[in-house]
Protein chains: 2
Amino acid sequence: MRSDPPTPPTGWQAIRDEALRRIQSREWQAGAPIPNEAELAMQFGCARSTVNRALRELAAIGLIERRRKAGSRVARHPLRKATFEIPIIQHEVEARGGRYDFTLIARNLGPAPVAASSRMGLPAGAEMLHLQALHLSDGRPYMHETRWVNPVAAPGILDVDLARVSANAWLVQNVPYTRGELTLSAAAADGTRAEALGCAQGEAIFCMERITWIGEAPVTLVIQSYAPGHRMTTAI
Amino acid sequence: MRSDPPTPPTGWQAIRDEALRRIQSREWQAGAPIPNEAELAMQFGCARSTVNRALRELAAIGLIERRRKAGSRVARHPLRKATFEIPIIQHEVEARGGRYDFTLIARNLGPAPVAASSRMGLPAGAEMLHLQALHLSDGRPYMHETRWVNPVAAPGILDVDLARVSANAWLVQNVPYTRGELTLSAAAADGTRAEALGCAQGEAIFCMERITWIGEAPVTLVIQSYAPGHRMTTAI
DNA sequence: CAGTGGTCTAGACCACGGT
DNA sequence: CCGTGGTCTAGACCACTGT
């Protein structure tokens, strides 16, 4: 039983693939210039814009470098960009065949610790809503989430029953963000997270941290800590 | 002193930004359909292909969903894709103002452990070149790398002086890959890595694992372990 | 079937940036 | 200066898919 790619691409994808082949076969050497768009359009018997589309895709993944007048060259160091799907926790859990559930562990309004407020660019002691939640798969801890919300940027959230609606779901529906930053790291489980995730203190956990802004105002900082062993994979 | 974005985009980027604005201002509601391309082309007074280009970009970052006949809709869950730059270690170190250096710690040819060969889809006990290297910033450990190379797929590597040329550099220059997989995770430092990185055993380290194939043949499996505290950030 | 996005074309103008 | 990529256009055909 075969999988799925029996149909060879046509159009601009065929041109992209042919260019890819020439790079991989070293017919076009790393660091060397490749023919210009007009030339390739003639070779492939298509319009220049079709070639442009194909090469633009290759440039987008860092395989070639393009500059006006200088032309296009095969990048000397490929493998430079990777795109990850940022999972919607519920979907991720269900995709793995688990039953999703989530629990609100804590909800406090008060001055945020400096670590949080400074990450968000707010003055020390700024009043924020602090939330802790646990996401479960088949009743077992899957991911622990600690979040600070700036009530100035998201006023309505103070009236929401966050035990029923996840803060994330409410925020994406009600407070559009204009800019965000995502950071991945590894950390040792501290007491809180170890207890929540049911693992030993100090165990290595995979962390995903996000900050979002609306205009210049920081909206939320969320740190998601996955149960030990979590992996994030993508094709390159 | 201002930074750099005083010039508002024009052309398709202007249309993309206007669409973005309508989404963020909830003028186009989450989950709701947006006008079709022809309609928008009229609104903006441009060709349909220009609108197409703009919306395609938004679809690429997961902000809208497009289906023939059904039209385009604002995605219910944004924040779904993030693109990371995969660092070239030397550049990364130098960009942080460090002096780059690397040391080959070990080089062995022999049967690979099952953990490695099975990850690569090779039979247990397959003959492989095993390498361990340490990348340094200003003489201090920055990243530890353990690698298995399949000599069947990359024969020339057995004759290379890998203390001078990094295996990665040699491979990208000499063995094109056709497919790759990248995995991020957190792990506890084992004895080997703790010693190499100069940290305590069990400390949490950020790991990046890559496997590449040429055709159906696996070329290399590399596990890169960063010194504690490493973070990988991107804008979303 | 019919509406929508996906793509291609031939031609054009322009911005950038080597020379 | 002038070659190259970046973009736009108007029109066309097609593939997919909801009805």
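Throughout, a chain's letter reflects where its sequence line sits, starting with A, and its residues are numbered from 1.
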* Asked: Between A:Gln13 and A:Ala70, which is nearer to the 5' end of DNA chain C once each is assigned its nearest nucleotide?
  ->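 Result of the comparison: A:Gln13.
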* Heavy-atom closest contact (B:Ala227 atom, B:Pro141 atom, distance) ->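 Reported closest heavy-atom pair: CB-O, 4.0 Å.
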* To do: Examine the base of C:dT7 for any acceptor or donor lying under 3.5 Å from a partner atom in the side chain of B:Arg56, and report the outcome as yes or no.
  =>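 Checked by distance alone, the answer is no.
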Distance check needed: [N] [atom2] versus [X] [atom1], whole Å only.
X	N	atom1	atom2	answer
A:Glu57	C:dC8	CD	P	11 Å
A:Asn52	D:dT9	CG	P	15 Å
B:Glu39	C:dG3	CD	P	15 Å
A:Arg48	C:dT9	CZ	P	13 Å
B:Arg73	C:dG5	CZ	P	12 Å
A:Arg66	C:dA15	CZ	P	19 Å
A:Glu65	D:dT4	CD	P	18 Å
A:Glu37	C:dT9	CD	P	13 Å

With a cut-off of 6.0 Å (strictly less than), are more than 12 heavy atoms of other residues, nucleotides or ligands near [atom1] of [X]?
X	atom1	result
B:Arg21	CZ	yes
A:Arg231	CZ	yes
A:Arg67	CZ	no
B:Glu216	CD	no

* Asked: Would you say C:dT9 has OP1 or OP2 under 4.0 Å from some side-chain N or O of A:Thr50?
  -> yes
Looking only at side-chain atoms of [X], point me to the closest of [options].
X	options	answer
B:Arg68	C:dT4, D:dG6, C:dT9	C:dT4
A:Trp12	D:dG18, D:dG6, C:dT7	C:dT7
A:Arg67	D:dT17, C:dG18, D:dC8	C:dG18
A:Ser72	C:dG5, D:dG5, C:dC8	D:dG5

* To do: Under 4.0 Å between any heavy atoms, over every strand shown, what does B:Ser49 touch: base, sugar-phosphate, or nothing? Just pick one.
  => base
